[in-house]
Amino acid sequence: MGGGPADNPKTIETLAELRRRYPMVGDLEKRAKWRIPRFAYEFLQGGAGDETGLDRNRTALQAVEVVPRYGMDVSKVDTSVELFGHRYAAPIGISPIGFDGMMWPGATEQFAKAAQAHNIPYLVGTLACATIEQVAEWAPDVTWFQLYPMAPNNHQYSLEMTDRARVAGAKVLVATLDVPVRAKRPRDLRNGLTMPFKLTPKTMMAAAMAPFWLDAIRRKGMPTFANMAGFAGAPDRITTSAFVQKHIGGGFPWEQIARLRDRWPGPMMVKGVMHPADAEKALELGLDGVIVSNHGGRQFDAAPATIDVLPEIARTVGTRGTVLFDSGIVSGVDMVRAIACGAHSSFAGRAFMLGLAALGDHGAAHMAQAFIEEYRITLGQSGLLNTGEARRAPVRHPGAWTREDFQPHL
């Protein structure tokens, strides 16, 4: 894919300089913390409950060891991966992030354009701050759609949103399973972060200390739940937020997943699978695969680390479907870890948003290029030539759940 923003010489030079100055996600965290308001930073970095799930994800990923093999000719490493008939540049995609424009105004557009330019999937969410129709125009080749449940009226809005995604040209539908009820997120409660988003004296003071964010608000406008405007009857923040409060949630029972499967003609997955039996159920309903995820530690802080349940889920799925991994990915090394443990590809959310928060409109492209480069380096350092070989790499995974760990619930 050529001719896009990533091919502009000035853009290439800028991104190369950013990779030299901010080589790791940790560097972006430090910069993001003072560039965006505190309430936005803590919304991005926070988890559910006492936030043990956040640390559990990272600790478990870091414990996975991949044995390198040397003496190999790695001059022709191939980072690409094929998913549902499309060959992507690397096994990394951008995860859905609800209300992304609150953390960086215009985030949805930047994610879409970076994904298209770098040929990686963008799983845009129902609660993004641009519509699925806009995203599909910005990223016509790589747009996937994450559907949140809207349980009232027998999921009528869920079905209508599915139809909109199909007409817009989304390549894959992903129904989110792991939001049956709203999670308790203490940081948001302490910061008074409510819907609709209000500029209270506290939030105004935090915003005043973030001039870069304020300038982005001036350029892009206050964020709204753009996909909800048509349902709510008006595009303003108050109306769309009220609709979200009333209609988003309730979970997707399996019978509703079956209805969506009947309605959606293309590849379909469910996100939030943490148990082999749920993966088996998804396959029984004719789905094309699962995304193994604990919502990045933002829903249920007692859940296992996502990487620890991945191997048994991958064994359950076998060759019958595609297994993707989400939750905790911050580097090319993590990508190889997830693939060696059974995933076909991976997604990252926080890392991409930290890129925008830290670097502004170049941040998403910075992270896309960084992930692809790091993945190439990690494959070469491991003596692996491609993603297929990475799935067969020798790996030690001390925290992996076994089939017996899931008994007697299988």
Side-chain angles (χ1 to χ4, degrees), residues 39-40 43-44 46 48 95-109 111-112 122-137 143-168 170 173-185 188-189 191-200 203 217 220-253 256-257 259-260 263-264 271-272 295 298-299 349 353:
F39 60 81
F43 179 79
L44 170 60
S95 295
I97 301 174
F99 211 25
D100 49 9
M102 188 269 290
M103 288 164 278
W104 187 256
T108 312
E109 179 179 359
F111 288 148
Y122 176 28
L123 179 54
V124 62
T126 301
L127 300 182
C129 291
T131 66
I132 179 58
E133 291 83 3
Q134 290 173 305
V135 171
E137 287 186 10
T143 295
W144 298 17
F145 184 67
Q146 175 231 29
L147 180 68
Y148 254 33
M150 290 177 267
N153 302 317
N154 196 25
H155 281 273
Q156 183 58 38
Y157 289 121
S158 302
L159 297 173
E160 290 183 24
M161 199 68 236
T162 299
D163 292 342
R164 282 178 57 185
R166 175 183 54 78
V167 172
L173 178 69
V174 178
T176 297
L177 290 177
D178 59 355
V179 287
V181 297
R182 296 183 189 274
K184 182 178 182 179
R185 296 174 184 165
D188 296 345
L189 294 173
N191 287 321
L193 195 59
T194 60
M195 288 192 297
F197 173 57
K198 298 176 181 178
L199 284 175
T200 64
T203 58
I217 287 285
K220 301 293 184 178
M222 290 292 287
T224 65
F225 297 107
N227 281 312
M228 301 296 102
F231 299 141
D236 63 277
R237 292 184 300 112
I238 303 298
T239 305
T240 57
S241 294
F243 181 90
V244 168
Q245 286 279 50
K246 183 177 180 179
H247 292 93
I248 292 288
F252 275 128
Q256 294 298 338
I257 297 295
R259 290 178 72 196
L260 293 171
R263 201 173 186 102
W264 182 263
K271 180 176 181 287
H295 217 94
R298 291 172 65 80
Q299 278 299 115
M353 183 56 78

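Side-chain atoms are counted along with the backbone in the values below, which use heavy atoms only and exclude waters and symmetry mates. Nothing here was measured: the structure is a model prediction, and the numbers come from that model.
Remark: R298 qualifies as a cation-pi partner of F43 under the 6.0 Å distance and 45° angle criteria applied to the six-membered ring. R164 forms a cation-pi arrangement with F231, by the criterion of a distance under 6.0 Å to the ring centre and an angle within 45° of the ring axis.
At least one side-chain heavy atom of F252 sits under 4.5 Å from a side-chain heavy atom of I257. You'll find the side chain of P96 stays beyond 4.5 Å of the side chain of W144, heavy atoms only.
A salt bridge is absent between D178 and K271: the closest approach of a Lys/Arg side-chain nitrogen to an acidic carboxylate oxygen does not fall below 4.0 angstrom.
Within the 3.5 Å criterion, the main-chain N or O of Y148 finds a donor-acceptor partner in the side chain of T126. Of the possible donor and acceptor atoms, none in the side chain of T240 sits under 3.5 Å from a partner among the backbone N and O of A229. Put simply, the side chain of N153 never gets that close to the backbone of H155: no donor and acceptor are under 3.5 Å apart.
The ring pair (Phe, Tyr, Trp, His ring centres under 6.0 Å) test applied to H247 returns Y157, F243, not counting sequence neighbours. With sequence neighbours left out, the ring pair (Phe, Tyr, Trp, His ring centres under 6.0 Å) criterion links F111 to Y122.
Annotation for G221 and P105: closest pair O-CB, 4.4 Å, computed over non-hydrogen atoms. When all heavy atoms of I132 and A165 are compared, the closest pair comes out as CG1-CA, 4.0 Å. Closest approach of P149 and S158 over heavy atoms only: C-OG, 3.9 Å. Closest approach of G98 to M103, counting heavy atoms only: O-CE, 3.8 Å. Of all heavy-atom pairs spanning A170 and F145, the tightest one is CB-CB, 4.0 Å. Smallest separation of non-hydrogen atoms from C129 and G101: SG-N, 3.3 Å.
The line from CE of M222 to CD1 of I217 is 5.0 Å long, rounded to the nearest 0.5 Å. For the atom pair CG (L147) and CG (N227), the distance works out to 10.0 Å, reported to the nearest 0.5 Å. Between the CE atom in M150 and the CD atom in Q256 there is a gap of 12.0 Å [rounded to 0.5 Å]. Between the CG atom of L260 and the CE atom of M161 there is a distance of 12.5 Å, given to the nearest 0.5 Å. In this structure, CZ in F225 is found 8.5 Å from CE in M102, a value given to the nearest 0.5 Å. Atom OG1 in T143 sits 10.0 Å away from atom CD in E137 (nearest 0.5 Å).
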_As a quick check of understanding, evaluate side-chain contact (heavy atoms from CB on, under 4.5 Å) for W104 and K220, giving each step before the final call._
CA-CA 10 Å; W104 187 256; K220 301 293 184 178; over 6 Å; no
*Going through the checks in order, is the side-chain contact (heavy atoms from CB on, under 4.5 Å) test met by T108 and I97?*
CA-CA 9 Å; T108 312; I97 301 174; over 6 Å; no
*Should L159 and R259 be marked as a side-chain contact (heavy atoms from CB on, under 4.5 Å) after you check the CA-CA gap, both sets of side-chain angles, and the distance that decides it?*
CA-CA 9 Å; L159 297 173; R259 290 178 72 196; 2.9 Å; yes
